[in-house]
J.: 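Before I ask anything, let me first share the structure, which is written out below as C-alpha cells.
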There are 2 protein chains.
Amino acid sequence: MAEWASTGEAAAGDRDLLDRVRADMPDEECLYDLAELFKVFGDSTRIRILYALFESELCVCDIAEVLNMTQSAISHQLRVLKQARLVRNRREGKQIYYSLADDHVRTIIGQGMEHIDE
Amino acid sequence: MAEWASTGEAAAGDRDLLDRVRADMPDEECLYDLAELFKVFGDSTRIRILYALFESELCVCDIAEVLNMTQSAISHQLRVLKQARLVRNRREGKQIYYSLADDHVRTIIGQGMEHIDE
DNA sequence: TAATCATGTGAACATCTTTTCATGTGATAT
DNA sequence: ATATCACATGAAAAGATGTTCACATGATTA
C-alpha cells in the first residue's frame, strides 16, 4: 500500500485535497484585512468601549470616566476603532460623540460571547 | 444653563446614563475572555489555518505545506487555537488531524468578512 | 532495539501594542 | 485676544506576540 493512501479521511481525493484547500483560500489581502479586523476586537479596552456604546453614543470624556482610564488612552483606542470603521463620530460643540458604526459589531461580539459561554 | 445639560443626546437621563452603561457592562473576566478569543482570530496565520480547516480536517504537516510555513510555527499556532477551543484534534498513527471545533468559527469569520466587504 | 517520521515545546529574538506623558489643535466663553 | 475645555497625537517605555532553532516526545518500521 502506498504511503499516501495510509489513512482514511484525507486519503480519498488526496493530491487534490491540498490543491482544493489552496484554491478555496481567499487572497492574501483579504485574509490580512480580516485578521486586522479581529485584532481590533482583541483588546479588552476596545471591547469595553464598544460595550459602552451599545447603550448610547458617548463623548470621549464619558467613556474615559466609565472605563476609569485617561482620556488620552481612550482617544488612541477610538482612533483604532474608527480606522476599522467600527465606530463613527460627530462633533457637538467642544465634545465629540462616538457611536457604533453598524450592526456587525453587535453580531460579532454576540457570537464571541456565545462561544465563550459554550 | 448648567454645563451638564449643554448638549442634546446625552443630556436627558444624564447622571443616570453613565450609571446605566456601567451597569450593563459585563464583568471584567468575561470581557477579558472575549478579548482573548478575538485575539486568536487576530492573526493571519491562524485565520489561514482556520480557512484551511473549513475544507477538511488536516494533519499538521499538510497545513504547513498549504501555508508554506514551518511545521513548528504551525504547531505553535495550533496550540493557541486549541486552547481557545476553536479546533480539535485526533491522532491517527503518527499524524495528528485537526478540525474545526464548532460552527461559531464559521459564523464569526463570516461576519468579519461581511464587515470588510462592507 | 535502533532508526525514522510527525508533532510538541522551551528559549531567544525581532516586532508590534498599549499606555503614559507632554504637547498640539479646535471650539467656547470671558 | 486669552483662557479654558475637550480631544488628538507623537514619542517613549513596558509588555505581549510570532517565528525560528534546537531538541524532546510518541508512534511506526526495519
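By convention in this document, chain letters (A, B, ...) are assigned in the order of the sequence lines, proteins followed by strands, and residues within each chain are numbered from 1.
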J.: Please report the shortest heavy-atom distance between A:Q95 and A:C61, naming the atom on each side.
T.: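 Heavy atoms only, the tightest pair is OE1-SG, 4.5 Å.
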
J.: Take atom CG of A:N89 and atom C1' of C:dG26, then tell me their distance rounded to the nearest Å.
T.: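 The distance from CG of A:N89 to C1' of C:dG26 comes to 14 Å, rounded to the nearest Å.
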
J.: Within the sub-3.5 Å range, which N or O atoms of nucleotides 14-20 of chain C have a protein N or O partner, and how far apart are they?
T.:
| residue | atom | partner | partner atom | Å |
| --- | --- | --- | --- | --- |
| C:dT18 | OP1 | A:R46 | NH1 | 3.3 |
| C:dT18 | OP1 | A:R46 | NH2 | 2.9 |
| C:dT18 | OP2 | A:R46 | NH1 | 3.2 |
| C:dT19 | OP1 | A:T45 | OG1 | 2.8 |
| C:dT19 | OP2 | A:Q77 | NE2 | 2.5 |
| C:dT20 | OP2 | A:T70 | OG1 | 3.4 |
| C:dT20 | O4 | A:H76 | NE2 | 3.2 |

J.: It should be established whether A:R79 places a side-chain nitrogen or oxygen under 4.0 Å from OP1 or OP2 of nucleotide D:dT9.
T.: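 Yes, A:R79 has a side-chain N/O under 4.0 Å of OP1/OP2 on D:dT9.
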
J.: May I have the distance from A:Y97 (atom OH) to D:dA6 (atom C1'), rounded to whole angstrom?
T.: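 Between C1' of D:dA6 and OH of A:Y97: 11 Å.
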
J.: Quick one: is A:Y98 getting a side-chain N or O under 4.0 Å of the D:dA8 phosphate, OP1 or OP2?
T.: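 Yes, such a contact exists.
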
J.: Would you mind checking if A:R90 and A:E57 are paired as a salt bridge, meaning a charged N to carboxylate O distance below 4.0 Å?
T.: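 A:R90 and A:E57: salt-bridged.
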
J.: Is A:R106 reaching over with its side chain to a backbone N or O of A:I108, donor-acceptor style, under 3.5 angstrom?
T.: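 Such a contact is absent between A:R106 side chain and A:I108 backbone.
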
J.: Short question: side chain of A:R46, backbone of A:K39 - any donor-acceptor pair under 3.5 Å?
T.: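 Between the backbone of A:K39 and the side chain of A:R46 there is a qualifying donor-acceptor contact (under 3.5 Å).
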
J.: Using atom CG of B:L78 as one end and atom P of C:dG8 as the other, report the distance to the nearest whole Å.
T.: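 To the nearest whole Å, that distance equals 7 Å.
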
J.: Which nucleotide, C:dA6, C:dG8, D:dC5, lies nearest any side-chain atom of B:I96?
T.: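 Selected nucleotide: C:dG8.
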
J.: In whole Å, I'd like the distance from the CD atom of A:E65 to the P atom of D:dA6.
T.: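 Computing the A:E65:CD to D:dA6:P distance gives 11 Å.
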
J.: To the nearest Å, how far apart are B:E92 CD and D:dG26 P?
T.: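 Whole-Å distance recorded here is 19 Å.
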
J.: Using the closest heavy atom to pick a nucleotide of DNA chain D for each, name whichever of A:K94 or A:I74 lands nearer the 5' end.
T.: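 Upstream on the strand: A:K94.
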
J.: Of all heavy-atom pairs between A:V105 and A:F54, which one has the smallest distance, and what is that distance?
T.: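 Closest approach of A:V105 to A:F54: CG1-CE1, 4.3 Å.
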
J.: Within this structure, what is the CD-to-P distance between B:E57 and C:dT7, rounded to whole angstrom?
T.: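 Rounded to the whole Å, the gap is 12 Å.
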
J.: Looking only at N and O atoms, is any donor in the side chain of A:Q71 or the base of D:dA8 less than 3.5 Å from an acceptor on the other one?
T.: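 Answer is yes: a donor-acceptor pair is held.
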
J.: Is B:H115 reaching over with its side chain to a backbone N or O of A:L86, donor-acceptor style, under 3.5 angstrom?
T.: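 Looks like no, no N/O pair under 3.5 Å.
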
J.: Check the distance between C:dA6's C1' and B:L58's CG and give it to me in whole angstrom.
T.: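 Nearest whole value for this atom pair: 15 Å.
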
J.: Where do B:V40 and B:A84 come nearest, in terms of heavy atoms and distance?
T.: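 Looking at all heavy atoms of both residues, the closest pair is CG2-CB, 3.8 Å.
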
J.: Return the value, rounded to whole Å, for the distance between atom CG of B:N68 and atom P of D:dT19.
T.: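 Interatomic distance, CG of B:N68 to P of D:dT19: 13 Å.
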
